[in-house]
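Worksheet: the structure to be examined is printed underneath.
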Number of protein chains: 2
Amino acid sequence: MPRVSEQYRQARREEIARAALRVLERKGVRDTSIADIVTESGLSTGAIYSHFTNKGELARYIVSEFMLPRLDAIAAGAQVRTPRQIIELMLAAVAENGISPAVILQFWAEGSVPGDIRDELLRTVVKLRAALASALLPWAREHTADEDQAARLAQARTLDVAAVAQGFIANEAIFGPRDPAEYLKAVTQILQ
Amino acid sequence: MPRVSEQYRQARREEIARAALRVLERKGVRDTSIADIVTESGLSTGAIYSHFTNKGELARYIVSEFMLPRLDAIAAGAQVRTPRQIIELMLAAVAENGISPAVILQFWAEGSVPGDIRDELLRTVVKLRAALASALLPWAREHTADEDQAARLAQARTLDVAAVAQGFIANEAIFGPRDPAEYLKAVTQILQ
DNA sequence: ACCTGAACACCGTTCAAGT
DNA sequence: ACCTGAACACCGTTCAAGT
């Protein structure tokens, strides 16, 4: 039985994860050691291992808690928003969540090889797509005959919204910061 | 002085790199050890270290030799091609070069943190942008007043061509294979 | 010069002992 | 129960010795 409250445990886990994120921003996923996180957090090796079973579980926690941008602005309301407007809101959410494109890209890379991190990333991605699909639904209803078709259209378009956001993040990670509005304008023109 | 020919050394380096790539496709960058490459190549640890100073140099060699898609089809000729057509050719080149989107994404991740791999990736990217810029030039000339403006427009658009290709690759790495034509059509529609 | 493979250093993980 | 930190296992790298 836990001697400390669940709230204490949660706070401790988040404290460790935030220390880890600070190191990740400085050194990258590959070069961040448990020793670095020990130093940054001020705790001991054993303390970290008493809150996360291993480095992978800490990574999964970071994915589940910090890699999904705040989607409140997207999810809220039943107003009709075009896919383009949803993309704009999503890029704004990415910019606001405080994690650099470089670290996001590194977690995608971890998630592109089979394993626990990939499983966690896919779970996170399912949540993201669900949020996007419900945001796209009012628009989809205006372009389809019945509710079933609308749901399918909205779900299909979430992949494309994600692709445009992924292009922006990968582009920023390699080539440096870029204005989201300028990016969208340039990519729209180029695809004509 | 080398006892064997430069040609032999080159062949040996490529042999090692191709063995490494086979392991990378199976296990990913993070989980590929020198021991794996030793087994896959049939050589010894020392043999690999006599051709590459360390794991990082092997990674840099792979980036410089295998990460740039064959751009012959793009570079050849002086015909006018729209950015859209260049993107189509580039996605075809990516599909043909035999390296999975997952492994490409993992090398981008390595290259998004400061270090030797990033330097090598940026050098490769400079070559890619030069090839794209020259391919875009005929089109750019038709949209500008003088040669100087045309060169600047072509160079600027290379970033956008890259972003669309990056979106495709990152999308495939996370969500699975996708038809390039369908992707371009969907993304074009969604951005209207 | 190219290659072998044992030895070394470092990092993730475990675990006996402390509070 | 939570935490400490030394001990262990594994992987990248080195290097003395072989051809």
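By convention in this document, chain letters (A, B, ...) are assigned in the order of the sequence lines, proteins followed by strands, and residues within each chain are numbered from 1.
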List, with names and distances, any nitrogen or oxygen atoms from the protein found under 3.5 Å away from nitrogen or oxygen atoms belonging to nucleotides 4-8 of chain C.
unit_1 : atom_1 : unit_2  : atom_2 : d
C:dT4  : OP2    : B:Ser44 : N      : 3.0
C:dT4  : OP2    : B:Ser44 : OG     : 2.3
C:dT4  : O5'    : B:Ser44 : OG     : 3.2

- Message: Let's see if you get this right: which residues in residues 14-23 of chain A place a heavy atom under 4.0 Å from DNA chain C?
- Response: none
- Query: In what stems does DNA chain D take part, counting only runs of at least 3 consecutive Watson-Crick or G-U pairs whose two distances fall under 3.5 Å?
  - Reply: C:4-8 with D:12-16, C:12-16 with D:4-8
- Query: When the distance from OH of B:Tyr49 to P of D:dC11 is rounded to whole Å, what number comes out?
  - Reply: 13 Å
- Checking A:Gln106 side chain against A:Val29 main chain: does a donor-acceptor pair fall under 3.5 Å? yes
- Item | Qualifying residues under salt bridge (charged side-chain N to carboxylate O under 4.0 Å, His left out), relative to B:Glu88, sequence neighbours excluded | B:Arg84
- Task: Starting at atom CZ of A:Arg9, determine the distance to atom C1' of D:dC3, rounded to an integer number of angstrom.
- Result: 12 Å
- Message: Can you list everything that forms a salt bridge (charged side-chain N to carboxylate O under 4.0 Å, His left out) with A:Glu172? Sequence neighbours excluded, please.
- Response: none
- Task: With sequence neighbours excluded, give me every ring pair (Phe, Tyr, Trp, His ring centres under 6.0 Å) pair touching residues 19-56 of chain B.
- Result: B:Phe52-B:Tyr61
- Message: Checking B:Asp148 now: which residues fulfil salt bridge (charged side-chain N to carboxylate O under 4.0 Å, His left out) with it, not counting sequence neighbours?
- Response: B:Arg152
- Query: Which residues pass the salt bridge (charged side-chain N to carboxylate O under 4.0 Å, His left out) test with B:Lys185, sequence neighbours left out?
  - Reply: none
- Message: Once salt bridge (charged side-chain N to carboxylate O under 4.0 Å, His left out) is applied, what residue pairs with a partner in residues 93-116 of chain A remain, sequence neighbours excluded?
- Response: A:Arg60-A:Asp116, A:Glu110-B:Arg30
- Item | Sequence-distant partners of B:Arg118, side chain to side chain contact (heavy atoms under 4.5 Å, CB included), two or more places apart | B:Leu122
- Residues at least two apart in sequence or cross-chain that pass side chain to side chain contact (heavy atoms under 4.5 Å, CB included) with B:Thr144, listed by chain then number, are B:Gln149, B:Ala150, B:Leu153
- Under the side chain to side chain contact (heavy atoms under 4.5 Å, CB included) rule, collect the residues that match up with A:Leu159, sequence neighbours excluded. A:Arg129, B:Asn171, B:Phe175, B:Arg178
